[in-house]
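Below you'll find the structure, written out as structure tokens, and then a few comments.
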Amino acid sequence: DAHMPPVAGALVEQNALVLFHSAARLWLFNWLVVKELLGMLTQTATRVALFCTLFPWVEARVGLEQAEASLTAMERRMVKEELQTSYDFDPGHCSGHYRLDLSRPRERDVCCRVLMVGDADKRRRTEDERLPDTSQTGTWENFRNGVYRGKPHEVLSTWKPPAVGIVEFDYVSTWRLSEAETPISNTAYEQFCLQFLRTAVKGGYDALKATVRQHWFSAAQAARLVAALDDLDTIVRVTVDLYGQVVDLDNFLRELDKRLEPPQMNEVIHRLGWLNLWNPSTPDRTYELDLGERDHYIVADGLFALNAAESPIDGPACIQDLKYKQRTTSVSEMLKGAGLPHEGVLTLTYKSTTPNVSVRRDQLRKTLMYNPEKLAAIVKAENEKAASEARAAEMDRRKKLAQMRKHGSRVAVNVEAVTPEKPLETVPSPGVGRTPRGGNASPRGSTTMSGMTFHLLKKGLQAAKAQEEGDTPPTPSQRWGKALLGAVMSNARKSESAFSSPTPDDGDGHLPNI
């Protein structure tokens, strides 16, 4: 009310502040709502307090910056002083390292908001039975390396943070960018690199954090950015921040391996977790794995499965330079008994020979790199390609068979090989025409015996043999063959041809062994 006395106006605004502080525990706020609320208040202290109260509960940092623009320069300075380290919190991009003093209401609010985001992500993954558990302890949580009051503490999304003590943890979001997203263009990236390096010199990590969240990057672009930094802590923290901005996350570990030193890589893996980085489709690298850690053990077990499937029989194994507890060992020694032990540090180098796609995909299903829709599309495309190749092979086979039938039988017998003095004429017999089906004159002028003719002759011989030995009565096809055989023998005697003991011909004609 414009006519309300200043004291009364301040009281109303203070009551409004209390109201929205309670509401922040129940809802998230759109930045337009925050901006409108700020416009309703006139007291500088109340405006600053309201903004700081709603700060962790705005849907996304981009919108929050729009709301912040409605503050005066003095009010923005007061907000930064009030929020201190919490000022860099981005509710839409929670991945990062946190060290929060729970005795400070603002920092405790940030902790509660991260727990809320973690709970939503956990529910999303547990409800989709296709997605794997990539957590550090098998709880589906995105929280890692928790410490409370200086002691290890497992941070869960259901945790109710007390109002005392300092909590420290890493949060790794398991949301993946859509395949439709595209990284920053090469031209814009080169300009961004110059800005990035200037910011690194002037503003340090806090300025870099805000800078990298403005774009999406390819794995190679992100790795190049962090390689330009010198300080280990800054390299690790910026890498964790870039993690959620990388479009092709499948290639992130491989690109970082090219740019960072082993101590830097070990710290990055410690923060992000093996199952959130490892891509079994490209396993070649050197590993240092603590078998007492769940995600380390899963990677080690996967590498030994790959080694069993991909190592050549007559060549070196894919797993090389294997050491357990700093002592050289062998694959068979590690797997004896109950299998891999659940304690101790294991180091090895994996070098692929012939990839086993099936086993690699089985291991991929245990990591964040597993994308059910993408893999299903790949498998579908492979199946369609295999089916197409099978259809083409079948058509080719039928085409060749048709050509063989056109020029003679599949099992062709050149009769001239049997009776070289005089060509054998086609003999009429039951069920057989004068000219073999599809038969043509051979290049040497003789008639080529059809497959059916030869088949019936063979049956005739079998019938004659069965009759001599007094076996079971001949079958219909044997009777037809016997009749045809008699006709052929009669024709052969007339032509004075020696049919009694034919000899296979290695020349143009081939008489199969019947």
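Computed from a prediction, not measured in an experiment: that's the story for all the values here.
Aromatic ring pairs are classed by plane angle as parallel below 30°, tilted from 30° to 60° and perpendicular above 60°; the pair Tyr287 and Trp278 is perpendicular. Using cut-offs of 30° and 60° for the angle between ring planes, the Tyr148 and His153 rings count as tilted.
Residues satisfying the salt bridge (charged side-chain N to carboxylate O under 4.0 Å, His left out) test with Asp301, not counting sequence neighbours, are none. Scanning for side chain to side chain donor-acceptor pair (under 3.5 Å) contacts around Arg144 gives Asp295, with sequence neighbours left out. Partners of Glu81 by salt bridge (charged side-chain N to carboxylate O under 4.0 Å, His left out), not counting sequence neighbours: none found. Here Gln245 pairs with His93, Trp216, Phe217 under the side chain to side chain contact (heavy atoms under 4.5 Å, CB included) rule; sequence neighbours left out. With sequence neighbours excluded, the residues satisfying salt bridge (charged side-chain N to carboxylate O under 4.0 Å, His left out) with Arg398 are Glu394.
In the model, Asp101 has a side-chain atom that pairs as donor or acceptor with a side-chain atom of Ser103 under 3.5 Å. Looking at Thr139 and Thr137, their side chains do bring a donor and an acceptor atom within 3.5 Å of each other.
Rounded to the nearest 0.5 Å, atoms NZ (Lys80) and SG (Cys52) are 12.0 Å apart. With values rounded to the nearest 0.5 angstrom, Ile235 atom CD1 is found 12.0 Å from Leu225 atom CG. Distance OH/Tyr98 to OH/Tyr171: 8.5 Å, rounded to 0.5 Å. Atom CD of Gln221 sits about 8.5 Å away from atom CG of Asp248, to the nearest 0.5 Å. To the nearest 0.5 angstrom, Tyr189 atom OH is 4.5 Å from Arg224 atom CZ.
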**OP:** Give the intermediate values and the outcome of side-chain contact (heavy atoms from CB on, under 4.5 Å) for residues Leu249 and Leu177.
**Re:** CA-CA 9 Å; Leu249 199 58; Leu177 289 178; over 6 Å; no
**OP:** Decide yes or no on side-chain contact (heavy atoms from CB on, under 4.5 Å) for Arg294 and Asp133, but give the supporting numbers first.
**Re:** CA-CA 11 Å; Arg294 173 183 176 270; Asp133 177 8; 3.7 Å; yes
**OP:** Show your working on side-chain contact (heavy atoms from CB on, under 4.5 Å) between Leu272 and Val240 and close with a plain yes or no.
**Re:** CA-CA 7 Å; Leu272 293 174; Val240 173; 4.0 Å; yes
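Asn142 and Ser173 make their closest contact through ND2-CA, 4.1 Å (heavy atoms, listed as atom of the first residue, atom of the second, distance). Between Lys366 and Leu275, the closest heavy-atom pair is O-CD2, 3.9 Å.
Residue Phe252 forms a side-chain contact (heavy atoms from CB on, under 4.5 Å) with just one option from Thr239, Val247, Val268, Asp257, and that option is Thr239. When Asn145, Asp170, Asp241 are each tested for a side chain to side chain donor-acceptor pair (under 3.5 Å) with His97, only one passes: Asp170.
Within a 6.0 Å sphere centred on CD of Glu36, heavy atoms belonging to other residues, nucleotides or ligands number 12 at most.
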For residues 316-324, tabulate all N or O donor-acceptor pairs below 3.5 Å that involve a side-chain atom, not counting sequence neighbours.
| from | atom 1 | to | atom 2 | distance (Å) |
| --- | --- | --- | --- | --- |
| Gln320 | NE2 | Ala317 | O | 3.3 |
| Tyr324 | OH | Glu343 | O | 2.5 |
| Tyr324 | OH | Glu343 | OE2 | 3.2 |

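One finds a salt bridge joining Arg123 and Asp119 here, because a Lys/Arg side-chain nitrogen approaches an Asp/Glu carboxylate oxygen to under 4.0 Å. Salt bridge Arg47/Glu82: absent, no basic N to carboxylate O contact under 4.0 Å. Of the charged side-chain nitrogens involved, none lies within less than 4.0 Å of a carboxylate oxygen, so that Asp231 and Arg237 do not count as a salt-bridged pair. Contact check on Arg124 versus Asp128 returns no salt bridge, with no Lys/Arg side-chain nitrogen under 4.0 Å from an Asp/Glu carboxylate oxygen.
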